[in-house]
Each structure stands twice: as structure tokens, then as C-alpha cells.
Engineer: 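Could you have a look at this structure, given as C-alpha cells, before my questions?
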Amino acid sequence: MSEMGATSEPRTGQVAGAEKTPAVGNERGELPNLFVIGAQKCGTTSLHRYLDLHPEISMSHPKELSFFMRYPDPSETELAWYRSHFASSTRVRGEASPNYTCYPQVPGIPERIHRLVPEAKLIYCVRDPIERAVSSYLHSQAMDNEMRPIEEALADPSTWYVSRSLYYDQLERYHPYFSKEQILVVEQRDLLHRRDETMRRIFRFLEVDDRFSSPEFERLWEVSSGKGWRYRLAYQASRLIGGPELWGRVPTRLR
């Protein structure tokens with residue numbers, strides 16, 4: 001594992017992935033070996049973008065493929081489609097799908113990932129569980145998917161507002177399949193307030209050059225306060241055109 005950051009000057013760059021081989025058009029492609037498994041509303045979109053800046057890491061486009069949610073028993077054609085989203089020229093290839101920690105609404109995800117990529121590394125982003133539940137509720141309400149008052153919605157233990165905030169319960173589903181060395185938990189407040197230090201810790205976990213830095217680390221992506229009427233209109237239009245899965249395929253930059 002690299003410890004170069006302790007003695008070397010950091011590398012910087014705005015377009016770190018300029019030499020990465022595009023995944024689209026690659027007939028076979030590569031399977032991912034990194035999964036940002038959640039949690040929803042905990043900074044996974046920003047982390048996805050920061051990771052993709054590193055020259056040794058390529059993240060899927062779009063961000064949330066949710067492959068193991070959509071295809072419990074994938075065919076060869078579906079696997080080929082999945083591989084086509086990952087660059088073949090990087091050591092680390094990843095996707096960020098918060099739906100991978102949505103038990104019991106979506107069971108069986110850890111087994112499916114392990115069956116296909118047992119050596120994968122997992123990153124789990126967390127925040128204050130009550131704040132996360134409230135943020136998730138407000139997002140659903142803004143998207144016109146939630147009509148109940150917040151007191152009623154958060155009092156219902158069967159909702160994913162509650163279940164997605166039960167971090168231990170979610171991670172417990174992964175422990176039979178992945179060792180503790182394969183899982184890194186990242187607090188959102190660290191990503192917000194100690195970003196450079198946190199990214200170096202993540203890079204060391206992934207065994208890539210932890211000296212890397214970028215001016216783009218100063219940006220935040222898809223924060224709730226930025227989701228105004230245009231965002232909501234585009235979201236609703238995507239559901240009408242192609243169902244709920246279409247929104248996950250919209251490139252983050254366009255969102």
C-alpha cells in the first residue's frame with residue numbers, strides 16, 4: 001500500500017483522466033473492482049467525481065448503474081453491457097450505487113457482488129442518521145414522491161428513510177462476504193471539512209498514488225440545496241419518458 005504522501009509533494013491536475021481509455025465501445029470491457037455502496041444523501045455523488053479525477057481510477061458514467069439491483073442473475077449480454085461502462089486502462093474501476101445498501105427493500109446485493117467480484121473493495125459513506133433520513137425525506141417530497149408529513153413518514157420503520165440510516169444493519173449484510181480490510185467507512189463531515197486528508201486515506205485504501213490532488217476537490221456535486229425547479233422538472237420528465245431507471249442513467253454533469 002502506498003505511503004508516498006508522507007514524504008512527497010502532492011501531484012495536482014484538473015483533467016486527471018485525460019489518458020484513460022474510454023469504456024464505451026470496448027467490446028469486452030472490464031468488471032469493476034470498487035463499489036461505493038451508499039449511503040444515499042451522504043456525499044456519494046461528490047465522492048464519485050473526486051475518485052474519477054485520479055489517473056489510476058475510472059468511475060462509471062453514469063454514476064448509478066445499480067447493476068446488482070436490476071439484474072439478480074445477469075445474462076452474458078447484460079454482463080457485457082455492464083463491462084462496457086468501465087475503462088480497461090486503470091487499476092481501479094468503480095461505480096457508486098446507493099441502492100446497494102437498501103435492505104430489506106432490496107435484498108441480496110452483497111451476495112450478488114461477491115459472486116461476480118469477490119476481491120472488490122467497498123466504500124460506505126455515512127452521516128448523522130437522523131439528518132440523513134430527513135434529507136432523504138425532503139428529496140422525495142421535492143420530487144413529488146412523498147405526500148405524508150415528515151412526522152408520519154419518519155415514524156414508519158418500514159420506509160427506506162429509516163432503513164437506510166441503520167448503517168450497522170446495512171453493513172452487517174456484507175460482512176459474511178467481504179473482510180473488514182475490503183470495506184472503508186467514510187463520514188460525510190470528513191469529506192466536507194477534511195477533504196484532502198480524507199481523499200488521501202481513500203487513495204491509500206485503494207492502493208493508488210495518495211499524493212494526487214486536484215482543484216476540482218473544491219467542488220460539491222448534487223447538493224440538495226442546488227436541486228431547484230429545473231432539477232425537479234427534469235427528474236419528473238425522465239420518469240414519464242423512461243420510468244424511474246432512466247434518471248439513474250442521466251450523466252451527472254447534465255443533472
Side-chain angles (χ1 to χ4, degrees), residues 30-52 54 57-72 74 82-83 85-86 92-129 131-133 135-136 139 159-191 198-199 201-208 221-222 244-245 247-249 252:
E30 299 285 348
L31 286 172
N33 51 18
L34 166 65
F35 299 91
V36 179
I37 57 175
Q40 184 193 48
K41 316 306 293 182
C42 293
T44 59
T45 300
S46 290
L47 180 58
H48 179 95
R49 295 300 297 253
Y50 301 152
L51 289 169
D52 200 40
H54 197 291
I57 302 172
S58 59
M59 301 297 289
S60 68
H61 300 280
K63 168 203 168 195
E64 296 181 29
L65 296 176
S66 297
F67 180 77
F68 296 95
M69 176 185 176
R70 297 166 58 193
Y71 303 111
Y82 189 48
R83 290 190 189 100
H85 288 82
F86 302 99
V92 178
R93 304 167 300 279
E95 67 152 311
S97 293
N99 284 327
Y100 290 167
T101 45
C102 191
Y103 181 89
Q105 288 83 6
V106 185
I109 300 297
E111 300 96 308
R112 296 168 196 170
I113 295 176
H114 182 265
R115 192 182 308 134
L116 196 61
V117 199
E119 73 282 4
K121 291 192 173 184
L122 314 174
I123 297 176
Y124 190 35
C125 299
V126 300
R127 66 189 286 194
D128 180 287
E131 289 181 1
R132 196 223 66 80
S135 179
S136 182
H139 177 84
T159 66
W160 63 17
Y161 308 131
V162 176
S163 62
R164 289 187 182 215
S165 287
L166 300 177
Y167 304 133
Y168 178 82
D169 190 47
Q170 297 296 338
L171 272 184
E172 193 177 38
R173 311 296 156 186
Y174 283 85
H175 287 155
Y177 303 97
F178 298 93
S179 69
K180 63 180 182 179
E181 290 78 18
Q182 291 176 271
I183 303 173
L184 179 68
V185 177
V186 176
E187 289 196 48
Q188 186 192 45
R189 63 184 177 183
D190 290 338
L191 196 61
T198 301
M199 291 308 302
R201 180 163 66 94
I202 292 171
F203 291 150
R204 286 194 293 271
F205 169 70
L206 298 176
E207 300 183 80
V208 298
W221 300 88
E222 264 198 56
E245 291 184 354
W247 185 245
R249 301 181 189 180
T252 304

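Computed from a predicted model, the values in this text were never measured in an experiment.
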Engineer: Any idea which heavy atoms bring Gln170 and Cys102 closest together, and the distance?
Structural biologist: OE1-N, 3.5 Å
Engineer: Ignoring hydrogens and angles, tell me if any N or O in the side chain of Arg164 forms a donor-acceptor pair with the backbone of Ala133 under 3.5 Å.
Structural biologist: no
Engineer: Using the test side-chain contact (heavy atoms from CB on, under 4.5 Å), find all partners of Ala39 that sit at least two apart in sequence or belong to another chain.
Structural biologist: Cys42, Tyr124, Arg132, Tyr167
Engineer: Measure the CD-NE2 distance between Glu64 and His48 for me, rounded to the nearest 0.5 Å.
Structural biologist: 9.0 Å
Engineer: Measure the OH-NE2 distance between Tyr174 and His114 for me, rounded to the nearest 0.5 Å.
Structural biologist: 12.5 Å
Engineer: Given the rule in the side chain to side chain contact (heavy atoms under 4.5 Å, CB included) test, do Phe178 and Ile113 qualify, once you have shown the distances and angles that lead to the verdict?
Structural biologist: CA-CA 10 Å; Phe178 298 93; Ile113 295 176; 3.7 Å; yes
Engineer: Identify the two heavy atoms, one from Gln182 and one from Ala120, that lie closest to each other, and give their separation to 0.1 Å.
Structural biologist: NE2-O, 2.8 Å
Engineer: Can any side-chain N or O of Thr101 pair as donor or acceptor with the backbone N or O of Ile37 at less than 3.5 Å?
Structural biologist: yes
Engineer: Is any side-chain heavy atom of Glu95 closer than 4.5 Å to one of Phe86?
Structural biologist: yes
Engineer: Could you tell me whether the side chains of Ser179 and Glu181 share a donor-acceptor contact shorter than 3.5 Å?
Structural biologist: yes
Engineer: With side chain to side chain contact (heavy atoms under 4.5 Å, CB included) as the criterion, how do Leu34 and Arg93 come out once you've worked through the C-alpha distance, each side chain's angles and the decisive distance to 0.1 Å?
Structural biologist: CA-CA 6 Å; Leu34 166 65; Arg93 304 167 300 279; over 6 Å; no
Engineer: Determine, step by step, whether Phe35 and Val117 satisfy the side chain to side chain contact (heavy atoms under 4.5 Å, CB included) criterion, reporting the C-alpha distance in whole Å, the side-chain angles of both residues, the deciding distance to 0.1 Å, and the verdict.
Structural biologist: CA-CA 10 Å; Phe35 299 91; Val117 199; 4.3 Å; yes
Engineer: Is there side-chain contact between Asp128 and Arg189, with at least one heavy-atom pair below 4.5 Å?
Structural biologist: no
Engineer: Measure the acute angle between the ring planes of Tyr71 and Phe67, then classify it against the limits of 30° and 60° as parallel, tilted or perpendicular.
Structural biologist: tilted
Engineer: With the side chain counted from C-beta on, respond yes when Thr44 and Lys63 share a heavy-atom pair under 4.5 Å apart, and no when they do not.
Structural biologist: yes
Engineer: Look only at the side chain of Asp52 and the backbone of Met59, and say whether a donor-acceptor pair between them is shorter than 3.5 Å.
Structural biologist: yes
Engineer: Indicate yes or no: at least one non-hydrogen side-chain atom of Tyr82 is less than 4.5 angstrom from one of Ser60.
Structural biologist: no
Engineer: Using modelled atom types only, decide if a donor and an acceptor are shared between the side chain of Lys121 and the backbone of Phe205 within a distance under 3.5 Å.
Structural biologist: yes
Engineer: Once you round to the nearest 0.5 Å, how far does CG of Asn99 lie from CD1 of Ile109?
Structural biologist: 8.0 Å
Engineer: How long is the gap from CG on Leu191 to CD1 on Ile202, to the nearest 0.5 Å?
Structural biologist: 6.0 Å
Engineer: Looking at residues at least two apart in the chain, or sitting in another chain, which of them share a side-chain contact (heavy atoms from CB on, under 4.5 Å) with Asp169?
Structural biologist: Tyr103, Leu166, Glu172, Arg173
Engineer: Do Lys41 and His139 touch side chain to side chain, with heavy atoms closer than 4.5 Å?
Structural biologist: yes
Engineer: Would you please name every residue forming a side-chain contact (heavy atoms from CB on, under 4.5 Å) with Gln188, sequence neighbours left out?
Structural biologist: Arg127, Leu192
Engineer: So does Phe68 get a backbone contact from the side chain of Arg112, meaning a donor-acceptor N/O pair under 3.5 Å?
Structural biologist: yes
Engineer: Kindly say whether Val92 contributes a backbone atom to a donor-acceptor pair with the side chain of Asn33 at under 3.5 angstrom?
Structural biologist: no
Engineer: To the nearest 0.5 angstrom, please state how far the OH atom of Tyr50 sits from the CD1 atom of Ile57.
Structural biologist: 14.0 Å
Engineer: So, do Pro110 and Pro176 sit near enough that their side-chain heavy atoms are less than 4.5 Å apart?
Structural biologist: no
Engineer: How close do Val185 and Arg201 get, heavy atom to heavy atom, and via which atoms?
Structural biologist: O-NH1, 3.7 Å
Engineer: Tell me the closest heavy-atom pair linking Gly94 and Pro32, and the distance in Å.
Structural biologist: CA-CB, 4.3 Å
Engineer: Could you tell me which non-hydrogen atom of Gln105 sits nearest to which non-hydrogen atom of Thr159, and how far apart they are?
Structural biologist: NE2-C, 3.5 Å
Engineer: What are the two closest heavy atoms between Met199 and Leu51, and how far apart are they?
Structural biologist: CE-CD2, 4.2 Å
